[in-house]
Structure formats: structure tokens, C-alpha cells
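Indexing begins at 1, ligand by ligand and atom by atom, following the structure's order. These values consider heavy atoms only, across backbone and side chains, with no hydrogens, waters or symmetry-generated copies.
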Amino acid sequence: MSQEELLKEIEAFSASSAEELEAFRLKFLGKKGLIKDLSATIKDVEPSERKAFGQRLNQLKTAVQEKIDVLKDAMSSNEQAGGPGVDPTRPSGEEELGSEHPVSMVRREIEAIFQRIGFSIAEGPEIEDDWHNFSALNFPEEHPARDMQDTFFIEKNPDMALRTHTSSVQVRVMESQKPPIRIIAPGRVYRNEAISSRSHCIFHQVEGLYIDKGVSFADMKQTIEYFAKAFFGKTKIRLRPSYFPFTEPSAEVDVYWGLENETDYRITKGTGWLEIMGCGMVDPNVLKASGIDPDVYSGFAFGMGIERIAMNRFGIGDIRMLFENDIRFLKQMKGAW
Ligand code: PHE
């Protein structure tokens with residue numbers, strides 16, 4: 001075979017497997033390969049021809065090596081694309097979708113319910129000053145009421161803390177908007193509490209605030225009743241007297257959950273009633289501190305914890321599950337709503 005013919009053979013070669021390619025390499029470049037054999041014959045070549053002979057051998061060697069490189073490349077990119085016989089026009093397999101976090105589901109549902117009756121959504125900072133988190137909300141300086149909510153303070157600035165409740169947003173909204181005010185404020189809050197199955201140092205609340213002329217306690221009750229019906233599908237609520245520095249009178253709201261099965265007994269501690277929020281008429285001191293005239297306006301506020309509601313809604317026994325983001329847990333929430 002002439003060198004030209006060999007070059008043609010190399011050029012025409014193609015391999016469909018790694019084995020075929022290896023056989024090709026051995027045939028030319030192996031220890032007993034063609035190029036070795038031909039190199040051994042150089043001594044029989046006329047001395048004046050030896051240089052040209054050597055060059056032709058080198059050309060062959062280069063051609064073989066290049067061919068091997070090209071085929072190897074093609075094989076590995078084919079492998080990446082999914083192996084031989086890949087049809088790139090085929091529709092891809094079904095993508096697995098993630099699921100919404102239960103806390104987000106509950107927040108979104110609460111937002112939707114209040115938006116239907118004219119509430120809009122407000123926000124405030126999570127790192128808050130003493131004024132908005134405490135003082136303007138009628139927590140006197142050095143007053144034990146401040147200990148109701150264990151606080152994470154910012155070390156470098158004792159006036160700043162992680163907000164302990166979304167009630168701080170009430171103050172911010174009243175400072176910046178004129179009544180009528182109708183807002184809900186969902187968000188993260190922080191308390192310096194030991195983590196257990198029922199309590200966590202980070203959680204979420206939804207605050208509500210309604211300020212206008214002539215707003216009464218009956219308006220508040222009606223609004224909460226509407227919410228309880230829309231969210232829980234339960235029609236019976238009760239208000240128990242309570243205390244918050246920023247509302248007067250204050251109440252805690254229970255919804256009648258029923259006692260039909262074992263779970264009902266567990267989550268209502270055998271009473272049939274489930275506590276869902278705190279509420280009350282905005283204290284005149286708070287209106288004043290926020291620049292609203294309490295002789296003209298009145299209003300109500302409420303606040304609820306999202307995790308607590310999510311736990312009841314989905315039968316989650318341990319609040320920590322809502323923060324671990326274990327994919328096996330979250331997967332079960334797919335389509336839960
Ligand atoms: N901020 C209160 C809490 O975190 C809840 C609340 C909000 C109570 C508004 C009354 C009115 O416990």
C-alpha cells in the first residue's frame with residue numbers, strides 16, 4: 001500500500017465504539033503496529049531517500065493521531081447528550097416541580113381573604129427601632145410588658161432590635177398614611193425563646209389594622225368572623241378578655257373547631273376551641289403617638305401567627321418541621337391547598 005492509500009484509509013475511518021477506535025489505534029500506533037514496522041524498514045531505504053521517508057511516516061502518524069482525537073471528542077459529547085441514538089428533537093421528560101411552603105400557602109390565603117374586603121398589604125423593616133416596636137405601641141420604658149416578648153437586641157445599637165411582632169408596622173402605616181386605613185402586614189418576627197416543638201425564635205405573623213371615623217368593637221368582631229368563616233370554614237368564634245399594651249379593650253379570639261375526632265381533641269386540648277389571634281381596639285395613646293387624633297378616629301387591630309395556623313391546617317405536630325426545609329416533608333405539601 002502506498003502512503004497515499006494509507007492516508008485515504010485513515011481519512012475514511014470511522015468508529016462506532018471505543019473498542020473499534022482502540023483497534024484502529026493499535027493497528028497504526030501499537031507496538032506491533034504499521035508505523036513501527038515501517039520505521040524498522042528505514043535502514044533498507046537509500047540514504048538520500050531516508051529524510052523523505054521519515055517525513056511521510058510522520059505524516060501518517062499525525063493523521064492517525066488527529067483521527068483518533070476527533071473521534072474521541074465526538075464520542076464524549078455524544079455521551080454527554082445521553083449516549084448514542086439520542087434524538088434531540090424528542091420532548092424532554094417530565095420536570096419535577098417544587099411545592100409551595102406551607103407558611104407561604106397560609107400567608108397567601110390570608111392575604112387573599114382580606115384583600116377581598118378592601119385591605120391592602122403593608123410592609124415594614126425586620127430590624128426595628130425601639131419607638132416602632134415598643135414605645136409608640138404604649139410599652140412604657142422599663143415596663144414589665146416589654147418582657148412579654150423576649151427580644152433580640154442589636155449589640156452595636158441598643159435602640160435597635162429584631163422586631164418582636166408585626167405591630168410595629170401599625171405605627172409605620174399610621175405615621176405615613178391618613179385614615180381611612182385598612183391594611184394587613186404579613187412578615188417575619190423574632191423572639192429570643194428556646195426552640196421546641198411548639199415555639200421557634202423566628203416565625204411569621206399577619207397584622208391587621210383598620211382606622212376610620214366611628215370604627216367599633218362590633219366592626220372588629222364582624223371582620224374576624226368573616227375571616228374565620230372564609231379561612232377555617234367555621235362560623236362560631238368567641239372573644240376572651242386579654243391584655244396588650246397597644247389595644248384597649250383587648251381580646252383573644254378562639255374559633256370553634258369541634259370535637260369530632262382524636263385530632264380535634266389534641267389540637268383544642270379537649271375544649272373544642274382553638275385560639276387563632278389577639279386583637280383589640282387601638283389604644284388612644286397609640287393613635288396619638290402615630291399622629292392620628294383619637295377624638296376623631298378609632299380603630300381595631302389584630303395579629304396572628306402563621307405557623308400556628310399552618311400546623312393546625314395541615315396537622316403538623318412540630319413547628320421545627322416548618323424551618324428545616326426537609327424535601328421529604330415539603331413534597332407532602334404538594335397540592336395540599
Ligand atoms: N402583637 C401581638 C402579639 O404579637 C398580637 C396583637 C396584634 C394583639 C394586634 C392585638 C392587636 O402577640
Side-chain angles (χ1 to χ4, degrees), residues 103 106-107 110-111 114 119 121-126 128 130-140 143-152 161-174 181-193 198-211 215-217 219-225 227-228 237-255 274-287 289-290 292 294 297-310 319:
V103 168
V106 169
R107 195 206 62 222
I110 295 172
E111 285 174 4
F114 282 102
F119 283 72
I121 292 170
E123 275 183 1
E126 291 177 26
E128 191 52 283
D130 180 273
W131 172 254
H132 291 96
N133 196 80
F134 291 120
S135 296
L137 287 165
N138 204 31
F139 286 83
H143 192 277
R146 290 189 184 222
D147 297 338
M148 278 169 75
Q149 303 171 350
D150 292 321
T151 309
F152 285 116
L162 298 178
R163 69 178 176 195
T164 58
H165 51 184
T166 43
S167 300
S168 55
V169 186
Q170 284 188 38
V171 179
R172 290 194 172 268
V173 170
M174 287 190 277
I181 291 169
R182 244 184 271 139
I183 59 104
I184 57 163
R188 246 179 197 211
V189 300
Y190 303 81
R191 293 200 194 160
N192 192 359
E193 278 169 11
R198 308 232 29 101
S199 92
H200 202 273
C201 50
I202 303 173
F203 56 102
H204 298 80
Q205 288 186 329
V206 180
E207 192 81 8
L209 178 69
Y210 187 4
I211 309 281
V215 177
S216 69
F217 197 91
D219 295 324
M220 177 174 81
K221 192 170 170 228
Q222 188 61 43
T223 306
I224 293 171
E225 234 165 42
F227 168 74
I237 62 165
R238 74 177 181 194
L239 279 76
R240 279 178 291 109
S242 185
Y243 170 76
F244 301 102
F246 35 93
T247 45
E248 180 60 34
S250 304
E252 246 145 342
V253 182
D254 299 336
V255 54
L274 187 68
E275 185 190 320
I276 56 165
M277 64 169 84
C279 66
M281 300 305 290
V282 179
D283 193 290
N285 286 339
V286 176
L287 293 173
S290 311
I292 288 177
Y297 295 104
S298 59
F300 62 79
F302 55 84
M304 58 189 131
I306 300 185
E307 278 77 6
R308 179 114 77 112
I309 290 177
I319 193 171

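- In this structure, Phe246 and Phe139 have tilted ring planes: the angle between them lies in the 30° to 60° band.
- By the 4.5 Å heavy-atom criterion applied to side chains, Phe217 and Leu239 are counted as neighbours.
- Between Phe227 and Phe119, the gap from one ring centroid to the other reaches at least 6.0 Å.
- Near ligand 1, heavy-atom contacts under 4.0 Å come from Gln149, His165, Ser167, Gln170, Arg191, Gln205, Glu207, Phe244, Phe246, Thr247, Gly278, Cys279, Ala301, Phe302, Gly303.
- Between Phe300 and Tyr210, the ring planes lie perpendicular to each other; the angle is over 60°, past the 30° to 60° tilted range.
- When side chains are defined from C-beta on, Cys201 counts as touching Phe152, because their heavy atoms get closer than 4.5 Å.
- Without hydrogens or angle criteria, Arg163 side chain to Val189 main chain gives no donor-acceptor distance under 3.5 Å.
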